[in-house]
Amino acid sequence: MVSVMITVRELIQVGGFDESSVLAGADSLENELLGVTSFDSPDGHRWLRAGEFVLTTGFPFLSQQKTCTKRLITLIDELVAIGTPGLAIKLGRYMEDLPEAVLSHATKKAFPILSFPMDKAWSDVIVPVVQCINDKQRIELDRTHAIYERFHHYLTGGAPISTLTDLLSDILDAPVSIHVPQHKWKWDSSLAPLPLDHSLDKLYGQRAPIRLTQEPLSRQKEGIHVRWLLHDQIVQGTIIIGQRERDLYAWEKVAIEQSAALLSLEMQRQRAIQETFQRFRNDFLQQLVSGQIVSHEMLMRKADEVGWELSDHYIAMILSSSPHDKTGMELWQENHHLLNALHSFFSSNEAILYGLDQENRVLLLVPLSIHVAMESLSQWLQEQCLKTVTKQLDQPVFAGIGRYHPEREGIVRSYREALISLRTALHSANPANVSSFSVKSYHDLGLERIMYADDPATEAQAFAEECLGKIQSYDREKNRQLLQTLQVFLQTDGNYAEAARRLYVHKNTIKYRIQLIREWTGLNAENGHDQMLLRIAMTAHVIGHRL
């Protein structure tokens, strides 16, 4: 049952007091009370409950006449601590008046004190106050029942969820706005629209502060009330109610909570539809990155089925939570949460394809047209995407980025490179000190390309072709000996003089050729790390020609 209260001002009216009876706390007559009681023993306040207005003759304060003022001030403090809304005292029976210091202290504490007429009995106040509370309780219950009936008819009537603003606005007689960015809901009631409050926007899609999870309905500035809509402790949206310069009545709160429940049901239904649809998209993505779809007509048909318009060129990115000390189910749950967070971020950009791959890692296919340069991808992913998404999550996020390869056939290769990059990011992380996100790009990898490949031999051969292909073409076109020079230079451990002696050329010729190799490959044969990569490339090249 809903607890109904009346104010001290209403008690004065129904209890037969007049305005002159207010001795202190005239500015606090809106204090609310649940009932009225009396006590006439020095420690009677110990058995009071919060919300009980007190009637007394003042007799408890006579036991220590010399300290009456101090005792009354202490009593006021104790009553305020209990939650007593006010006090009425029969002056003239045991006490002629109250000291000014007591009245001043009561006003300071927002504690009304009334003068109780000598000709009134306790029941003259208690009975009408109880009757008033009971009447308000009955009205409250009737209103609450009527609200439940209206929402029942609304639910069974099949009205669009967007009309909920007008229903709630009609019940509350106030403008109402509903905003759920993830589902692109922005509905205003037919009453005057509420002024925009952009301070609310920063919380949408973020993890809810503890205060919101405990009290989702709160009063904001300018009489605005906000009911936050949460799911898995993430702020999904708001119900905003305007023009209330007072606290909400219980029946008003019931109407708002009914609206929140209906919105939550609709959001849950939308999520179920979205997750079912996403499974079809996941299957399509898996076919794309595995190269299973070879027919252009079939590719277009399947893309149309999942509502995607394909671009000509894509770069693959793979994201995942940390695998350290996580079971397969834990990883799936965390990556699924990551995908949902990304859905909020990418819902406004339909050009990016996203879903889960076969191992339940988050897969993004980013059209090349979105970015000017490959070098910007890592920065974009960190600043524009992961920095926003990780605010919703409790675990770090790792990402691997592949490179651009032409045509849609290049998606398969870009995906393989993104997977190697992701493994590099995961293995290079320190479990004891993991940052909120870590991104590795295949473009920046060296030996990791081979170490974290599914088939290191094949990856080494691909690296050799990539690294040495331009050198071989140059040799064929110019009839030069760059490849042989590189092989001898590596065999002599980077000794220019010895390499020149073996090739019967001047040392400066070797230097010139090594500089050309650096320009063609981007690798410096004099640098220890790059030299190691060139050795791997040369070894894979020699083995490949022997097979």
Side-chain angles (χ1 to χ4, degrees), residues 2-63 68-140 245-247 249-250:
V2 178
S3 297
V4 175
M5 297 182 285
I6 66 171
T7 65
V8 175
R9 190 182 303 280
E10 290 175 295
L11 177 140
I12 292 174
Q13 295 172 351
V14 302
F17 294 90
D18 55 44
E19 291 295 331
S20 63
S21 64
V22 181
L23 304 177
D27 294 334
S28 306
L29 299 183
E30 299 307 317
N31 288 0
E32 293 182 316
L33 56 106
L34 289 168
V36 182
T37 189
S38 64
F39 75 81
D40 270 324
S41 61
D43 60 349
H45 64 281
R46 293 172 53 191
W47 292 277
L48 292 178
R49 294 179 179 176
E52 290 183 318
F53 190 89
V54 173
L55 309 177
T56 181
T57 62
F59 178 76
F61 318 126
L62 294 180
S63 58
C68 178
T69 298
K70 182 178 180 181
R71 177 72 188 98
L72 280 171
I73 288 175
T74 301
L75 176 65
I76 289 172
D77 290 338
E78 291 170 340
L79 293 177
V80 169
I82 292 170
T84 303
L87 170 75
I89 185 170
K90 272 185 177 291
L91 295 178
R93 179 72 175 96
Y94 296 107
M95 300 182 66
E96 290 299 323
D97 54 28
L98 292 177
E100 185 60 35
V102 173
L103 298 178
S104 177
H105 186 71
T107 299
K108 182 179 178 181
K109 290 289 186 177
F111 185 78
I113 296 180
L114 311 180
S115 174
F116 197 99
M118 286 293 297
D119 58 344
K120 278 186 174 291
W122 299 141
S123 60
D124 291 335
V125 174
I126 294 175
V127 171
V129 167
V130 171
Q131 183 63 48
C132 178
I133 291 175
N134 287 340
D135 290 344
K136 292 187 74 170
Q137 178 82 68
R138 178 179 51 77
I139 294 171
E140 191 79 28
E245 296 299 335
R246 55 169 173 78
D247 290 336
Y249 297 133

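In this chain, numbering begins with 1 at the start of the sequence shown.
Here the side chains of Met95 and Ile89 are in contact, with some heavy-atom distance below 4.5 Å. A heavy-atom distance below 4.5 Å is not found between the side chains of Ile133 and Leu34. Leu23 places none of its side-chain heavy atoms less than 4.5 Å from the side chain of Leu114. In this structure, Thr37 and Phe53 have side chains that are not in contact, with every pair of non-hydrogen atoms separated by 4.5 Å or more. Counting only heavy atoms from C-beta outward, the side chains of Leu103 and Thr107 never approach each other to under 4.5 Å. Proximity of Cys132 to Val129: side-chain heavy atoms (C-beta onward) are nowhere separated by under 4.5 Å. For the pair Pro112 and Val22, the minimum side-chain heavy-atom distance is 4.5 Å or more. Residues Leu33 and Glu52 are not in side-chain contact: their nearest non-hydrogen atoms beyond the backbone lie 4.5 Å or more apart.
Taking the ring-ring contact (aromatic ring centres under 6.0 Å, His included) definition, one finds that Phe116 meets it with Phe17, Trp122, sequence neighbours left out. Applying the ring-ring contact (aromatic ring centres under 6.0 Å, His included) criterion to Phe111, with sequence neighbours excluded, gives no partner residue. Residues forming a ring-ring contact (aromatic ring centres under 6.0 Å, His included) with Trp47 (at least two apart in sequence, or on another chain): none. The salt bridge (charged side-chain N to carboxylate O under 4.0 Å, His left out) test applied to Arg138 returns Asp142, not counting sequence neighbours.
Residues in residues 74-90 take part in these side chain to side chain donor-acceptor pair (under 3.5 Å) pairs, two or more places apart or across chains: His45-Glu78, Asp77-His105. Sequence neighbours left out, not one pair with a member in residues 112-121 passes side chain to side chain donor-acceptor pair (under 3.5 Å).
Under the 3.5 Å distance criterion, the side-chain polar atoms of Thr7 are matched with a main-chain donor or acceptor of Glu10. Within the 3.5 Å criterion, the main-chain N or O of Phe39 finds a donor-acceptor partner in the side chain of Thr56. No side-chain donor-acceptor contact under 3.5 Å links Asn31 to the backbone of Gly86. Side-chain N or O atoms of Asp124 include none that pairs as donor or acceptor with a backbone N or O of Gly16 at under 3.5 Å.
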Kindly determine whether Ile12 and Asp18 satisfy side-chain contact (heavy atoms from CB on, under 4.5 Å), including the steps that lead there.
CA-CA 7 Å; Ile12 292 174; Asp18 55 44; over 6 Å; no

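For the pair Gly51 and Pro85, the tightest heavy-atom approach, listed with the atom from each and the gap, is C-CD, 3.7 Å.
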